[in-house]
Structures are given as structure tokens and as C-alpha cells.
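Since the structure comes first, as C-alpha cells, the remarks are kept for the end.
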Amino acid sequence: MLIATYNVNNVNRRLANLLGWLAARKPDVVCLQELKAADADFPAAAIRSAGYEAVWAGQRTWNGVAILAHGAMPVLTRAELPGDPDDRQSRYIEAAVGGILIASIYAPNGNPQPGPKFDYKLAWLERLARHATALRRTGAPVVLAGDYNVAPTELDIYPTRSWDDDALVQPESRAAFRRLVGRSWTDAIRTLHPDERIYSFWDYKRNRWPRDAGLRLDHLLLSPNLAGRLVAGGVDRETRGLDGASDHAPAWIELSDSG
DNA sequence: ATGTCACTCGACGAGTGA
């Protein structure tokens, strides 16, 4: 089973890019982030024509997450992250596909830091960690996939000092990610490629894509009962170089059918 | 310090978020 996560940075603006990538990569499950579309504006018909059913939690202008499944309707289990009834931002959706519980995650960016946006980011990641533990304890196989807006280590950002004050690389952000992953979850792409610089995001600014000045922000975390099924994974970085591309490229993993 | 992009409001530019 091929599971991917792709921050599309506006699903309607990026629809041609998304459909082209779906046709080429043929993933079984896709987690999308930054739809930047209200529920009524999600391009469900075009996505269905490409062979995918979808569930989504939209929001006008910002945020928005979805889960696509090839030839099957994802069974929605949750459309918001527990722990804060006042949180109106569409950053979490969860559904069952092919016997696996899939979450599509769009963690807050957190800039500028320090400040209320950074506080919200850290609190949101703590809520996610708590919910991840609850999911793990159900015993279900779980994949938590999405844009975590954290570059976990120095290997996950090109050598530079220019992001030192950015929320994506702060010690508090990295500690929150480490607490979430803990001893139980597997950062799939890092586990497959322990020593490689792999990026999934290149800022539009400052010639960052041509310079390969990227960060790895998009992660797929596997519950312990899935770790043994991980066979391959990577980032489709060529997607970032196409016309009208998102500033993120899709990250994907392949799980064996059983084990 | 700065470089982009796409949107919002409510005018043809400024502000916002990433």
C-alpha cells in the first residue's frame, strides 16, 4: 500500500499539479494539507474522475486537510483534533482505509516566535501527541501523515544560519516533535534514509528551489504494529520544479500487505 | 535586511499568512 502526504498550498490553484502527480505516482492513499478552500469548494468531482474518493475538512483562505483513497471511500473517524473545543482551524482529519487508520495533519507554522502563534503551535503538537497515544492504545495500525512544520534535526535543513529564529527549527518545536514520536512511533522516511539530507519544502523566496535550500517538514509516522511493514519511501522532489508547483513536494511510503 | 505567492478587503493598492 502506497501512502503519501502532500501539502498542495491551495487545492484548486494546484489541481492540475495534483492530478498529474496522482496519475504518475498512483498512490493508494493521499493526505492533503493547505486546501485553502471551503468545504463547498473542494474539487471532489475532478478528484473522483481521477479514481479517488475523499473526505475533507475545508476552510476558506487558510488550512484545510483531506484524505483521498483510490477506488474506495475513506471511512471518516474524526474531523478535528481533540483537546480544544475553541480551536476552529481545520488542521486534522482521520479516516480508515484498507484496515489502516490514517490521519492527515497540518500543524501550525508558529511564526513569528516567540508569540501567540508559537504558543498555539506548541500546544497543538502537545494535543497531537496526546491523541496519538490514545490511537496507539486502541491497537489499530495507524499512520500520522502530514506537514508537521518542524525540521526535526540539522539533517532536515540545508546548512544555513538564516532560519535560526524561525519557528520550524526552534528547540521547543523539535522537542515537541521528539515527544510526539517518542519511543513508539517510526519517522518512516528518516528510518529508511538515516543519513541523507532529504527535503520536502523549498520556500518560494530567495531562489531556494534552484539552490536546493530545503527543509524536511512533511513526515509519516507509523504505529509500532506497522513498523515491520515499511519497505520503501521518499520524496517526489521533481514535483517541486514543475510549473505552478506548491512549495512542498509529496512524501510517500510503501507498506507491505502484511507482517 | 531582502528576495514569492495567493489570497483578503475593497479598490487598482495595502495587509496578511506562510
Side-chain angles (χ1 to χ4, degrees), chain A residues 5-21 31-43 46 56-66 81 84 86-93 104-125 128 145-152 156-170 172-174 176-177 199-219 235 237-251:
Chain A
T5 179
Y6 189 6
N7 179 326
V8 285
N9 186 17
N10 192 321
V11 69
N12 286 305
R13 184 77 180 77
R14 224 65 64 191
L15 188 56
N17 301 65
L18 172 62
L19 296 176
W21 171 75
C31 296
L32 297 178
Q33 300 87 34
E34 284 207 85
L35 303 179
K36 297 186 172 178
D39 280 338
D41 296 328
F42 184 80
W56 61 93
Q59 188 175 332
R60 196 186 71 140
T61 310
W62 290 304
N63 309 317
V65 285
L81 184 64
D84 182 357
D86 296 329
D87 187 354
R88 299 274 177 267
Q89 302 190 26
S90 296
R91 296 181 176 278
Y92 186 91
I93 191 167
S104 180
I105 285 160
Y106 178 50
N109 173 293
N111 282 303
Q113 74 79 31
K117 292 187 175 182
F118 191 58
D119 296 341
Y120 173 62
K121 173 183 192 145
L122 297 178
W124 199 94
L125 288 171
L128 179 60
D147 177 1
Y148 286 75
N149 265 316
V150 178
D156 300 309
I157 179 169
Y158 66 102
T160 178
R161 295 272 65 85
S162 56
W163 294 77
D164 282 1
D165 294 331
D166 197 282
L168 307 185
V169 302
Q170 290 312 297
E172 297 94 328
S173 304
R174 288 174 165 171
F177 185 77
Y199 308 138
S200 65
F201 163 82
W202 297 260
D203 202 300
Y204 290 123
K205 295 191 283 284
R206 305 183 190 186
N207 218 28
R208 292 252 167 76
W209 165 248
R211 294 196 291 128
D212 194 26
L215 293 84
R216 190 174 73 98
L217 306 179
D218 299 274
H219 312 303
V235 173
R237 52 178 284 138
E238 67 282 357
T239 304
R240 178 62 180 82
L242 302 177
D243 282 348
S246 167
D247 43 5
H248 292 251

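Quick caveat, the model's predicted, so the values are computed rather than measured. Note that these values count all heavy atoms, side chains included, but never hydrogens, waters or copies made by symmetry. Chain identifiers are assigned alphabetically (A, B, ...) following the order of the sequence lines, protein sequences preceding nucleic acid strands; residue numbering begins at 1 within each chain.
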Minimum heavy-atom distance A/Leu217-A/Ala151, with the two atoms named: CD2-N, 3.7 Å
Distance, nearest 0.5 Å, that separates CD1 of A/Ile105 from CG of A/Leu125: 9.5 Å
Any pair counted as salt bridge (Lys or Arg N to Asp or Glu O under 4.0 Å), so long as it reaches residues 110-122 of chain A, sequence neighbours left out: none
Sole residue of A/Thr61, A/Asn9, A/Asn10 in side-chain hydrogen bond (donor to acceptor under 3.5 Å, both in side chains) with A/Lys36: A/Asn9
Residue mapping more 5' on DNA chain B - nearest nucleotide basis, A/Lys205 or A/Lys36: A/Lys205
5′-ward residue of the pair A/Arg206/A/Arg13 relative to DNA chain B: A/Arg206
Nucleotides bounding contact with chain A, strand DNA chain B, heavy-atom threshold 4.0 Å: B/dT2 to B/dA18
Interatomic distance at C1', B/dA1 relative to B/dA6, whole Å: 24 Å
Touch class at under 4.0 angstrom, heavy-atom based, for A/Lys117 against every strand present: sugar-phosphate
Carboxylate-amine/guanidinium proximity below 4.0 Å for A/Asp212 and A/Arg237: yes
Pairing residues for A/Phe177 by the ring-ring contact (aromatic ring centres under 6.0 Å, His included) criterion, not counting sequence neighbours: A/Tyr148, A/His219
P spacing across the pair B/dT16 / B/dT2, given as an integer number of angstrom: 15 Å
DNA chain B contacts made by residues 56-65 of chain A, counting heavy atoms under 4.0 Å: A/Arg60, A/Thr61, A/Trp62
Sugar-phosphate only, base, or nothing, as touched by A/Tyr106 at under 4.0 Å among non-hydrogen atoms: sugar-phosphate
Whole-angstrom distance between B/dG3 and B/dT8, as gauged at atom C1': 23 Å
Residue pair A/Trp21 / A/Leu242, side-chain heavy-atom distance below 4.5 Å: no
Non-neighbouring partners of A/Ala249 that pass side chain to side chain contact (heavy atoms under 4.5 Å, CB included), sequence neighbours left out: A/Trp202, A/Val235, A/Arg240
B/dG17 to B/dC12 separation - C1' atoms, rounded to the nearest Å: 22 Å
Set of residues satisfying side-chain hydrogen bond (donor to acceptor under 3.5 Å, both in side chains) with respect to A/Arg211, sequence neighbours excluded: none
